[in-house]
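Quick notes on the structure that follows.
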Amino acid sequence: MDKSWMHSDRRSKAYELGVEAFLNFSIENLLTTTHIRCPCVKCVNLKLFGVGIIRDYLYFNGVDQSYKNWTFHGEPWEAATNASRNVEEDDDHSRYSFVSEEIEMDDNDFGDFGSDPYEFANVIGDGDQPLYPGCRKYTKLSALVKLYNLKAKYGMSDVCFTELLILQGNLLPEGNTIPASMYEAKKTLCALGLSYEKMHACPNDCILYRKEYEDLTHCPNCGISRWKEGKDSILKEGVPAKVVWYFPPIPRFKRMFRSLETAKSLTWHAARKSIDGYMSHPADSPSWKLLDDKWPEFGNEPRNLRLAL
């Protein structure tokens with residue numbers, strides 16, 4: 001669908017036709033005329049109105065030009081993904097690359113939100129949405145990741161972090177998109193596929209209390225108790241002495257393949273051909289070829305990932 005009208009003068013005929021086409025598109029996909037998210041620069045898809053009010057707001061306030069993928073208004077996930085890749089690769093890479101570099105998960109998980117592609121599409125939309133109207137330095141997602149990284153780095157409690165979010169929201173200009181609670185923030189981040197599992201461990205790193213050791217209360221190797229010892233030297237049953245975090249790789253792989261550009265890079269080795277006789281990619285190495293010969297079924301699927309080659 002043509003979205004060039006979003007950059008046109010609000011007094012122009014192109015803008016007028018674009019607004020009507022957008023509203024008709026929303027009605028056809030959402031099957032409602034009264035509860036539609038308003039994409040003007042002040043509401044930035046946070047408020048629901050009827051068609052008439054949204055039309056007025058788009059003329060009075062202007063449309064949020066960073067809202068490139070209309071996922072809130074019925075644009076299919078596949079179309080949104082392909083449309084987002086029309087942005088220059090460098091700009092796209094810089095917009096989302098901070099996530100894997102900055103984020104650290106902590107505290108209790110609220111569930112696996114990473115399995116729903118539509119929630120993931122909304123997160124990508126957050127990566128385009130400015131922190132507040134007119135903000136160019138931060139998006140909603142980049143600001144949230146920066147704040148969450150501070151929480152993990154300095155051990156803020158959930159209550160403290162919620163208070164920080166509320167204060168930050170009050171300090172920023174009206175129309176800002178900072179989440180109002182710890183729950184909202186974690187739900188957004190977990191939609192990226194960054195879920196984790198907590199496992200009890202022996203304080204001496206002998207075992208993990210899982211599978212055959214799940215019901216044990218003492219380490220079978222060193223004999224140390226599974227439970228934490230209090231200041232009075234009394235064991236606190238139910239409170240583990242040591243906990244390790246396990247980050248399942250499969251949700252992260254799925255997230256990688258949801259990106260059209262990243263998926264191409266992950267399978268590029270299957271289409272390339274070495275023509276100069278030099279090793280320019282791990283696929284040219286003897287180790288790679290040995291793996292393909294030893295497990296041909298694995299090697300014949302380009303999407304399989306060699307993690308420890």
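Worth knowing before you read on, the calculation uses all heavy atoms, side chains too, and leaves out hydrogens, waters and symmetry mates.
- Linking ILVMFWY residues whenever their side-chain heavy atoms come closer than 4.5 Å, directly or via other members, places Leu30 and Tyr57 in the same cluster.
- More than 12 heavy atoms of other residues, nucleotides or ligands shown are found within 6.0 angstrom of CG on Leu171.
- Heavy-atom neighbours of Glu297 CD from other residues, nucleotides or ligands within 6.0 Å: at or below the threshold of 12.
- Minimum heavy-atom separation, Ser66 to Pro130: OG-CD, 3.0 Å.
- Here the CG-OG distance, from Leu216 to Ser225, works out to 11.0 Å after rounding to the nearest 0.5 Å.
- Dense packing is recorded around NZ of Lys242, with more than 12 heavy atoms of other residues, nucleotides or ligands lying under 6.0 Å away.
- Gln65 places a side-chain N or O within 3.5 Å of a backbone atom of Met6 that can act as its donor or acceptor partner.
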(request) May I have the step-by-step check of side chain to side chain contact (heavy atoms under 4.5 Å, CB included) for Arg306 and Asp292, ending in yes or no? (result) CA-CA 10 Å; Arg306 295 154 173 82; Asp292 287 347; 2.5 Å; yes

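- Atom CE of Met199 and atom NZ of Lys211 lie 9.0 Å apart (nearest 0.5 Å).
- A salt bridge links Glu75 to Lys3: at least one charged side-chain nitrogen sits closer than 4.0 Å to a carboxylate oxygen.
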(request) Mind running side chain to side chain contact (heavy atoms under 4.5 Å, CB included) on Asp9 and Tyr15 for me, showing each step along the way? (result) CA-CA 6 Å; Asp9 190 301; Tyr15 190 87; over 6 Å; no

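- Ring orientation note: the planes of His269 and His281 are close to parallel, at an angle under 30° on the 30°/60° scale.
- Hydrophobic clustering (side-chain heavy atoms under 4.5 Å, transitive across Ile, Leu, Val, Met, Phe, Trp, Tyr) groups Met182 together with Met156.
- Note that the SG atom of Cys38 and the CG atom of Asn61 stand 7.0 Å from one another [nearest 0.5 Å].
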(request) Output, in order, the C-alpha distance, side-chain angles, deciding distance and verdict of ring pair (Phe, Tyr, Trp, His ring centres under 6.0 Å) for Phe25 and His73. (result) CA-CA 8 Å; Phe25 176 83; His73 297 85; 8.3 Å; no

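- Atoms CG and CG, from Asn29 and Asn24 in turn, are 11.0 Å apart once rounded to the nearest 0.5 Å.
- One hydrophobic cluster holds both Tyr67 and Ile54 under the rule that ILVMFWY side chains link at heavy-atom gaps under 4.5 Å.
- Counted within 6.0 Å of CD on Glu212, heavy atoms from surrounding residues, nucleotides or ligands total more than 12; the atom is thus considered enclosed.
- Between Trp5 and Val19, some side-chain heavy-atom pair lies under the 4.5 Å cut-off.
- Once rounded to the nearest 0.5 Å, the distance linking CH2 of Trp295 with CG of Leu290 reads 7.5 Å.
- Nearest heavy atom pair, residue Gly223 against residue His218, reads O-CD2, 3.4 Å.
- Here the closest non-hydrogen pair linking Phe161 and Ala185 is CE2-CB, 4.2 Å.
- A continuous path of ILVMFWY side-chain contacts below 4.5 Å connects Leu141 to Leu164, so both sit in one hydrophobic cluster.
- Under the 4.0 Å criterion applied to side-chain N and carboxylate O atoms, Arg55 and Glu20 are assigned as salt-bridge partners.
- Proximity of a side-chain donor or acceptor of Asn176 to a complementary backbone N or O of Pro173 within less than 3.5 Å is detected.
- Between Pro220 and Ile207 the shortest side-chain heavy-atom distance falls below 4.5 Å.
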(message) One pair to check against side chain to side chain contact (heavy atoms under 4.5 Å, CB included): Ile178 and Leu144. What are the steps and the verdict?
(response) CA-CA 7 Å; Ile178 282 287; Leu144 177 57; 5.8 Å; no

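- With contacts defined as side-chain heavy-atom distances shorter than 4.5 Å, the pair Ile36/Leu48 does not qualify.
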(request) Begin with the C-alpha distance, continue with both residues' side-chain angles, and end with the deciding distance and a verdict on side-chain hydrogen bond (donor to acceptor under 3.5 Å, both in side chains) for Thr71 and Asn69. (result) CA-CA 6 Å; Thr71 51; Asn69 308 322; over 6 Å; no

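- Here the closest heavy-atom approach between residue Asn221 and residue Cys206 is recorded as ND2-CB, 3.7 Å.
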(request) Report the C-alpha separation of Cys43 and Phe49 in whole Å, then their side-chain angles, then the decisive distance to 0.1 Å, and conclude whether the side chain to side chain contact (heavy atoms under 4.5 Å, CB included) test is met. (result) CA-CA 10 Å; Cys43 298; Phe49 297 112; 3.7 Å; yes

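- Nearest heavy-atom pair, Pro282 versus Ser285, reported as atom, atom and distance to 0.1 Å: O-OG, 2.6 Å.
- Annotation: cation-pi geometry satisfied between Arg226 and Tyr209 (NZ/CZ under 6.0 angstrom from ring centroid, within 45° of ring axis).
- With contacts defined as side-chain heavy-atom distances shorter than 4.5 Å, the pair Val63/Phe22 does not qualify.
- Linking Ile, Leu, Val, Met, Phe, Trp and Tyr residues whenever their side-chain heavy atoms come within less than 4.5 Å places Leu307 and Met256 in a single cluster.
- When all heavy atoms are compared, the tightest approach of Val44 to Gln129 is O-NE2, 3.2 Å.
- Taken from CG in Leu235 to CH2 in Trp227, the straight-line distance is 10.0 Å, to the nearest 0.5 Å.
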